[in-house]
Amino acid sequence: MSILSLMGTVQDTGALADKAQEVAATVEQTVREVAQNEGAWGWGEMLWTTLICICLVFFVLILLVGVMKLFGYAFVQKPAATASGKTPTITPGQIHEEEIAAIATALKLYKGELHDRESEVLTIMSIKRAYSPWNSKIHGLTQLPDRK
């Protein structure tokens with residue numbers, strides 16, 4: 001390489017160094033601006049955001065309650081009309097006590113037939129097992145050596 005080419009390289013290096021300093025200054029200025037803008041959200045903005053979120057949650061809950069009530073109204077069965085065109089009215093207490101007792105007795109008898117007869121007496125029998133070293137924990141422990 002000649003001396004002139006080396007001098008051109010040195011000049012290019014100087015120009016590159018100047019350009020690198022300009023880029024570094026720009027990056028540093030951008031970092032300062034971002035750091036200043038990071039704290040731009042004050043308490044006012046945070047409180048408004050919180051208030052909007054809470055209101056949104058309650059609105060969605062109220063909307064869900066309304067949807068559930070609409071489903072309830074839609075799926076309720078209406079009483080069938082009789083041949084005379086009148087709808088039968090059902091009043092509470094229409095079933096007599098004797099009918100309730102008969103239904104309860106029938107259910108008790110039906111449920112009783114489903115199971116085998118059991119004595120409903122618990123018997124606890126203790127069984128003595130012979131000693132077996134296979135389940136003895138003492139054989140799994142390492143014994144300490146004798147000290148003299």
Side-chain angles (χ1 to χ4, degrees), residues 5-144:
S5 65
L6 284 175
M7 294 219 24
T9 307
V10 169
Q11 288 174 354
D12 289 342
T13 305
L16 286 174
D18 292 340
K19 192 67 170 171
Q21 286 177 352
E22 288 177 27
V23 169
T26 306
V27 168
E28 186 176 327
Q29 183 181 1
T30 306
V31 167
R32 281 190 202 136
E33 289 174 2
V34 168
Q36 288 175 355
N37 290 336
E38 238 179 65
W41 270 54
W43 283 104
E45 288 85 6
M46 286 187 233
L47 290 175
W48 274 111
T49 304
T50 304
L51 181 67
I52 289 170
C53 291
I54 289 172
C55 290
L56 182 66
V57 166
F58 280 114
F59 175 73
V60 169
L61 286 174
I62 291 170
L63 186 70
L64 282 174
V65 168
V67 167
M68 293 295 184
K69 286 192 180 232
L70 285 175
F71 276 124
Y73 292 136
F75 291 114
V76 168
Q77 295 179 354
K78 297 179 182 174
T82 59
S84 64
K86 295 182 180 178
T87 57
T89 57
I90 300 173
T91 58
Q94 193 172 2
I95 300 176
H96 298 289
E97 293 178 3
E98 294 87 12
E99 293 172 346
I100 294 173
I103 292 171
T105 305
L107 286 174
K108 172 70 174 158
L109 291 174
Y110 174 72
K111 290 285 186 176
E113 291 176 1
L114 292 179
H115 299 289
D116 296 335
R117 291 281 182 194
E118 296 176 1
S119 64
E120 297 178 0
V121 175
L122 295 177
T123 305
I124 300 173
M125 297 174 57
S126 62
I127 301 173
K128 298 217 175 211
R129 295 189 179 157
Y131 172 75
S132 172
W134 293 105
N135 63 357
S136 179
K137 293 182 177 74
I138 193 68
H139 295 297
L141 300 175
T142 306
Q143 293 182 358
L144 293 173

Original post:
Taking only residues two or more places apart in sequence, or in another chain, which ones meet E97 in a side-chain hydrogen bond (donor to acceptor under 3.5 Å, both in side chains)?
Top reply: none

Subject >> Euclidean distance, F59 CZ relative to L63 CG, rounded to 0.5 Å >> reply: 5.5 Å

Subject >> Between OG1 on residue T50 and CE on residue M46, distance to nearest 0.5 Å >> reply: 8.5 Å

Original post:
Once you round to the nearest 0.5 Å, how far does CD1 of I52 lie from CG of L56?
Top reply: 9.5 Å

